[in-house]
Amino acid sequence: DVKVTQSSRYLVKRTGEKVFLECVQDMDHENMFWYRQDPGLGLRLIYFSYDVKMKEKGDIPEGYSVSREKKERFSLILESASTNQTSMYLCASSFGPRGTQYFGPGTRLTVL
Amino acid sequence: DQQVKQNSPSLSVQEGRISILNCDYTNSMFDYFLWYKKYPAEGPTFLISISSIKDKNEDGRFTVFLNKSAKHLSLHIVPSQPGDSAVYFCAASGASNSGYALNFGKGTSLLVTP
């Protein structure tokens, strides 16, 4: 079974703080993704990576950066958290360019 | 610009009946479609997929139908069970986005009542 884990289920941060969200997958998948899910907006892609040290912007990259130093780990960074970044953050991984994406349990981030 | 649209935010069905969830897409380059199911406070789980070379794919109680000319797909759940109550997301990918990323709809919340 594919396992995608995320470092925290719930996180509360203050405006202006630097926030790190970690994602680890154990299936040697090449591709990893970060989405955010908001009510009425569905899942929106923030960034994805198809190889170590490679990254591509998704639909809403503003205010975020990512890091992929190892194949199994993909980090999402909020350089200076703002209240409009309060959301559910979902990490996913897949094998191959058209592989099914497998999701982690999500991190519910609240920025006060 | 929403390329994958789920126009029904919610659907309520009685246990044992058929649930039909619909999805429309605008990008003719999409050639691979998936359905995900999501419970509250959990990540989406993959349910079923279909390639554009097919018009139907079945897996147990779940069947996905694809109508390419209408750019429409639907997910049928027969018979519906209370445990099927969740949010269902339609997703699509194709050559236009290098095939790596999925475009998701906004989701349809299904409630199956006993």
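Labels below follow one simple rule: chain letters A, B, ... track the order of the sequence lines, proteins then strands, and each chain is numbered from 1. Since the structure is predicted, the reported quantities are computational estimates derived from the model, not experimental observations.
Clustering ILVMFWY residues whenever any of their side-chain heavy atoms sit less than 4.5 angstrom apart, transitively, puts B:Val87 in the very cluster that holds B:Phe46. A:Phe95 is not connected to A:Met32 by any chain of hydrophobic side-chain contacts under 4.5 Å among Ile, Leu, Val, Met, Phe, Trp and Tyr, and they are in different clusters. Residues B:Leu11 and B:Ile20 are members of separate hydrophobic clusters, defined by side-chain heavy-atom contacts under 4.5 angstrom among Ile, Leu, Val, Met, Phe, Trp and Tyr. Note on B:Phe30: it clusters hydrophobically with B:Leu21, by side-chain heavy-atom contacts below 4.5 Å among ILVMFWY residues. In the hydrophobic cluster analysis, where Ile, Leu, Val, Met, Phe, Trp and Tyr join through side-chain heavy atoms closer than 4.5 angstrom, A:Phe48 is grouped together with A:Tyr35.
At a heavy-atom separation below 4.5 angstrom, chain B is approached by A:Met88, A:Leu90 within residues 63-91 of chain A. Applying a 4.5 Å heavy-atom cutoff, the residues of residues 104-114 of chain B that approach chain A are B:Phe104, B:Gly105, B:Lys106. Residues of residues 51-79 of chain B lying within less than 4.5 angstrom of chain A, judged on heavy atoms, are absent.
A:Thr100 and B:Tyr32 make their closest contact through OG1-OH, 3.6 Å (heavy atoms, listed as atom of the first residue, atom of the second, distance).
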**Prompt:** What's the verdict on side-chain contact (heavy atoms from CB on, under 4.5 Å) for B:Phe89 and A:Leu43, showing C-alpha distance, side-chain angles and the deciding distance?
**Reply:** CA-CA 9 Å; B:Phe89 290 99; A:Leu43 276 72; 3.5 Å; yes
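In this structure, no portion of B:Pro9 lies under 4.5 Å from any heavy atom of chain A. Only the side chain of A:Gln37 comes within less than 4.5 Å of a heavy atom in chain B; its backbone stays farther off. With a 4.5 angstrom heavy-atom cutoff, A:Arg9 touches chain B only via side-chain atoms. Both the backbone and the side chain of B:Ala41 have a heavy atom closer than 4.5 Å to some heavy atom of chain A.
From A:Phe103, atom CZ reaches atom CD of B:Glu42 across 13.5 Å, with rounding to the nearest 0.5 Å.
Annotation: side chain of B:Leu102 is not in contact with side chain of A:Phe33 (no heavy-atom distance under 4.5 Å).
Within the structure, side-chain hydrogen bond (donor to acceptor under 3.5 Å, both in side chains) pairs that include any residue of residues 9-18 of chain B do not occur (at least two apart or interchain).
For the pair B:Tyr36 (side chain) and A:Gln101 (backbone), a donor-acceptor distance under 3.5 Å is present.
Interface remark: of the candidates A:Asp38, A:Leu41, A:Leu45, A:Leu41 forms the most heavy-atom pairs closer than 4.5 Å to chain B.
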